[in-house]
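Contents: one structure, followed by commentary.
Residue indices begin at 1 and follow the sequence shown. Heavy atoms only: backbone and side chains are in, while hydrogens, waters and symmetry mates are out.
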Amino acid sequence: MAQEFKLKDLTSVDLKPGQKQEAEVEGVEGGKVLLLNMNGEIHATGPKCTHFGAPLVKGVFSGDGRLTCPWHGACFSVATGEVEDAPALDPIATFEVAQRDGGVYIKGDESALKASRGKLNIACTPSGPEKLVVIGGGSGTIGAVEGLRGGGFTGPITVLTIEPYQPIDRTKLSKALLADVSKVAWRSEDFYASAGITFVTDEAASVDFSAKSVATKSGATYDYTKLVLATGGVPRWLPLPGLREGELKNVFVLRSVPHVQAILQAVGEGKGKKAVVIGSSFIGMEVANCLAGKGCDVSVIGMESQPMERVLGVQIGKAVRGLLEKNGVKFYMGASVDKATASSSDASAVGAVHLKDGTALEADLVIEGVGVRPATDYLRDNPAVTLEKDSSVATDEGFAVPGVDGVFAVGDIATYPYHGPGGGGKPTRIEHWNVAQNAGRGVAAAINGKLPPGKKGKPFIPVFWSALGSQLRYCGNTVGGYDDVVVQGELEKPSWAAFYCNGDDVVAVASMMKDPVMVQCAELMRQGRMPKKSEIVGGVDVLEVGLPGEIVM
């Protein structure tokens with residue numbers, strides 16, 4: 001029930017358009033709200049991001065009423081509190097504001113005030129002719145089904161997934177090695193049941209696009225009017241002796257909760273266990289950092305000259321490597337793996353990883369972080385869909401699959417035209433958690449008829465983050481390549497921002513300890529207002545660049 005509360009020590013709200021401030025609430029222990037001036041009108045919202053609790057007063061507020069978290073790019077509508085961009089699922093609370101009698105008051109629900117968040121209510125008893133089937137249970141699925149229900153879709157929703165649990169925050173698997181479903185699940189099973197969303201543990205075997213039906217390996221068939229393909233990726237195994245799937249115990253890939261459970265069982269108490277991580281990209285680096293924190297003796301093998309060189313470049317890769325080396329991680333870069341051999345004490349378990357230069361690294365466990373392939377086996381040889389060379393599915397900018405009615409593809413399996421800076425509509429496949437969820441939200445908006453005028457898809461800029469001794473933030477994409485990196489700050493601290501440039505265009509930005517530089521740049525990119533390389537070199541501060549509301553992507 002709505003109540004009125006007085007804001008402490010405020011006689012009026014003195015904010016210019018685009019400004020924001022936190023205010024304490026009298027009579028509510030720890031109670032705070034965020035006040036914002038949007039086009040001359042004062043709004044009040046919860047002060048914390050509903051994803052990880054980041055202080056939104058330090059976030060980015062744009063002229064079209066978008067409030068973006070300073071950490072991970074979650075975005076909310078100031079007017080309604082609704083989620084605009086991933087990775088947040090719940091809205092922020094909103095409150096009425098009144099200024100009278102020398103005081104400032106808000107009106108709203110006390111529980112929302114205390115929780116500093118709104119509540120997504122998508123309870124539904126399914127009805128009507130529309131039937132949605134989603135194949136896959138990851139980030140794209142979350143964005144699609146919650147976006148659909150939140151946008152008014154009332155038809156039955158069936159999710160077919162090989163994972164025997166509700167959708168999880170997969171980012172926590174590699175960053176924190178969490179193995180308890182209750183700690184990584186986004187929602188309870190009851191939440192989805194009340195929304196009329198049915199999860200079925202099964203695997204798609206084939207799709208009949210003309211008959212609009214999905215057949216599963218258990219022999220079941222599911223009819224649809226709309227279909228979302230969101231099957232994600234399958235971890236790759238190295239085709240080398242001792243490193244192929246199932247050859248030796250304690251050799252792992254990492255994609256699901258059972259993978260983490262098996263890794264933790266092999267680690268045990270951790271102290272002194274020798275862990276070899278093959279692969280120096282994001283999964284490998286995150287796992288290495290986490291295992292080092294558990295007391296393991298960790299070695300990373302990479303083919304590049306520096307970790308994550310393909311995405312971040314040599315200079316930034318070297319800086320990130322230094323952070324992990326401070327945590328005790330050893331690196332073997334520019335190296336090629338030859339094989340793994342069994343332990344002298346257990347012929348069924350791994351004992352060492354051998355490099356082609358003859359180096360042998362003792363190993364109690366091995367994690368292969370060598371990438372994923374699109375999980376599209378159920379679409380092979382289907383006459384209605386031609387897979388790309390990497391086995392992904394080509395889509396338009398709204399993630400619709402051309403040539404088949406009512407079908408969309410999102411996440412790791414989708415190759416879509418990228419229109420961010422430097423993209424030029426080039427077909428691109430991006431394996432980011434936020435991209436998958438935002439694509440799912442865009443599909444939901446398309447099905448619900450709520451896309452921006454004249455748009456086939458919902459505009460967004462790719463964002464990801466990584467736990468690498470310090471939090472790395474990244475926005476944009478280098479699909480068209482980059483020829484220079486402009487670094488501001490000090491790499492050693494670390495406190496820096498790196499601007500990836502193709503000619504005079506800034507196409508991507510990475511940062512550490514420079515919040516909210518990354519999310520400010522993502523918003524500038526979305527609006528087509530990102531400063532040029534020459535401006536950055538000339539001293540332009542991206543945090544000082546204004547954010548009006550027009551979108552030109």
Side-chain angles (χ1 to χ4, degrees), residues 85-86 134-144 170 204 206-207 209 226-236 255 281-283 310-311 370-447 451 455-464 474-482 500 502 507-508 525-526 553:
D85 286 336
V134 185
I135 307 177
S139 181
T141 296
I142 296 169
R170 202 178 303 279
S206 62
V207 180
F209 292 104
K226 296 290 190 297
L227 175 66
V228 179
L229 310 175
T231 36
V234 177
R236 297 184 185 276
R255 182 76 179 181
S281 194
F282 290 92
I283 294 295
R310 183 181 64 82
V311 176
V370 292
V372 301
R373 65 173 178 84
T376 54
D377 291 350
Y378 62 100
L379 298 174
R380 290 190 183 280
D381 304 318
N382 192 308
V385 175
T386 300
L387 298 179
E388 301 295 287
K389 289 182 179 180
D390 64 356
S391 297
S392 65
V393 181
T395 75
D396 66 16
E397 50 264 43
F399 296 94
V401 180
V404 287
D405 181 49
V407 179
F408 303 84
V410 299
D412 290 0
I413 69 169
T415 293
Y416 73 102
Y418 179 62
H419 290 286
K426 183 175 180 179
T428 308
R429 188 170 72 87
I430 302 177
E431 297 171 357
H432 296 346
W433 176 261
N434 277 24
V435 169
Q437 193 182 127
N438 279 332
R441 288 186 180 279
V443 167
I447 293 173
L451 286 175
K455 296 289 184 180
K456 288 186 178 180
K458 183 177 179 292
F460 65 89
I461 292 294
V463 167
F464 73 83
Y474 186 101
C475 69
N477 192 267
T478 57
V479 58
Y482 64 93
Y500 294 80
N502 191 352
V507 298
M525 289 177 179
R526 186 184 74 94
M553 274 184 66

Original post:
Would you say Thr141 and Val228 make side-chain contact, with heavy atoms under 4.5 Å?
Top reply: no

Subject >> Any donor-acceptor N/O pair, Thr376 side chain to Ser391 backbone, under 3.5 Å >> reply: yes

Original post:
Partners of Asn434 by side-chain hydrogen bond (donor to acceptor under 3.5 Å, both in side chains), sequence neighbours excluded?
Top reply: none

Subject >> Pairing residues for Arg373 by the salt bridge (charged side-chain N to carboxylate O under 4.0 Å, His left out) criterion, not counting sequence neighbours >> reply: Asp377

**OP:** Taking the side chain as every heavy atom from C-beta outward, state whether Thr395 and Phe408 have any atom pair closer than 4.5 Å.
**Re:** no

Original post:
What is the minimum heavy-atom distance between Gly476 and Met525, and which atoms define it?
Top reply: CA-SD, 4.0 Å

**OP:** May I ask you to say whether Lys458 pairs ionically with Asp85, meaning some side-chain N is under 4.0 Å from a carboxylate O?
**Re:** yes

Original post:
Would you say Thr231's side chain and Ala375's backbone share a donor-acceptor pair under 3.5 angstrom?
Top reply: yes

**OP:** Could you list the residues that satisfy salt bridge (charged side-chain N to carboxylate O under 4.0 Å, His left out) with Arg429, not counting sequence neighbours?
**Re:** Asp390, Glu431

**OP:** Look up atom NZ in Lys226 and atom CG in Asp405, then write down how far apart they are to the nearest 0.5 Å.
**Re:** 6.5 Å

**OP:** Might you point out which heavy atoms bring Ile413 and Ala230 nearest each other, and give the distance in Å?
**Re:** CD1-N, 4.2 Å

**OP:** Would you check if Asn502 and Thr478 make a side-chain contact, meaning some heavy-atom pair closer than 4.5 Å?
**Re:** no

Original post:
Can you name the closest pair of heavy atoms from Arg526 and Ile461 and give their distance?
Top reply: N-CG1, 3.6 Å

Original post:
Are Tyr474 and Phe464 an aromatic pair by the rule of ring centers under 6.0 Å?
Top reply: yes

Original post:
In a check of side chain to side chain contact (heavy atoms under 4.5 Å, CB included) between Ile430 and each of Thr415, Asn477, Val479, which one passes?
Top reply: Asn477

Subject >> Nearest heavy atoms of His419 and Gly425, plus distance in Å >> reply: CE1-CA, 3.5 Å

Original post:
Got a second to check how far Tyr416's OH is from Asp396's CG, nearest 0.5 Å?
Top reply: 12.5 Å

**OP:** Kindly give the heavy-atom pair with the smallest separation between Thr428 and Tyr418, and that separation in Å.
**Re:** OG1-CB, 3.4 Å

Original post:
With distance as the sole test, does Ser139 use its side chain to make a donor-acceptor pair with the main-chain N or O of Trp433 at under 3.5 Å?
Top reply: yes

Original post:
What are the two closest non-hydrogen atoms of Glu388 and Ala394, and how far apart are they?
Top reply: OE2-CB, 3.6 Å

Subject >> Ionic contact status for Arg255 with Asp412, cut-off 4.0 Å >> reply: yes

**OP:** Using a 4.5 Å cut-off on heavy atoms from C-beta on, say whether the side chain of Leu379 contacts that of Leu229.
**Re:** yes

**OP:** Could you tell me whether the side chain of Leu451 reaches within less than 4.5 Å of the side chain of Lys456, counting heavy atoms only?
**Re:** no

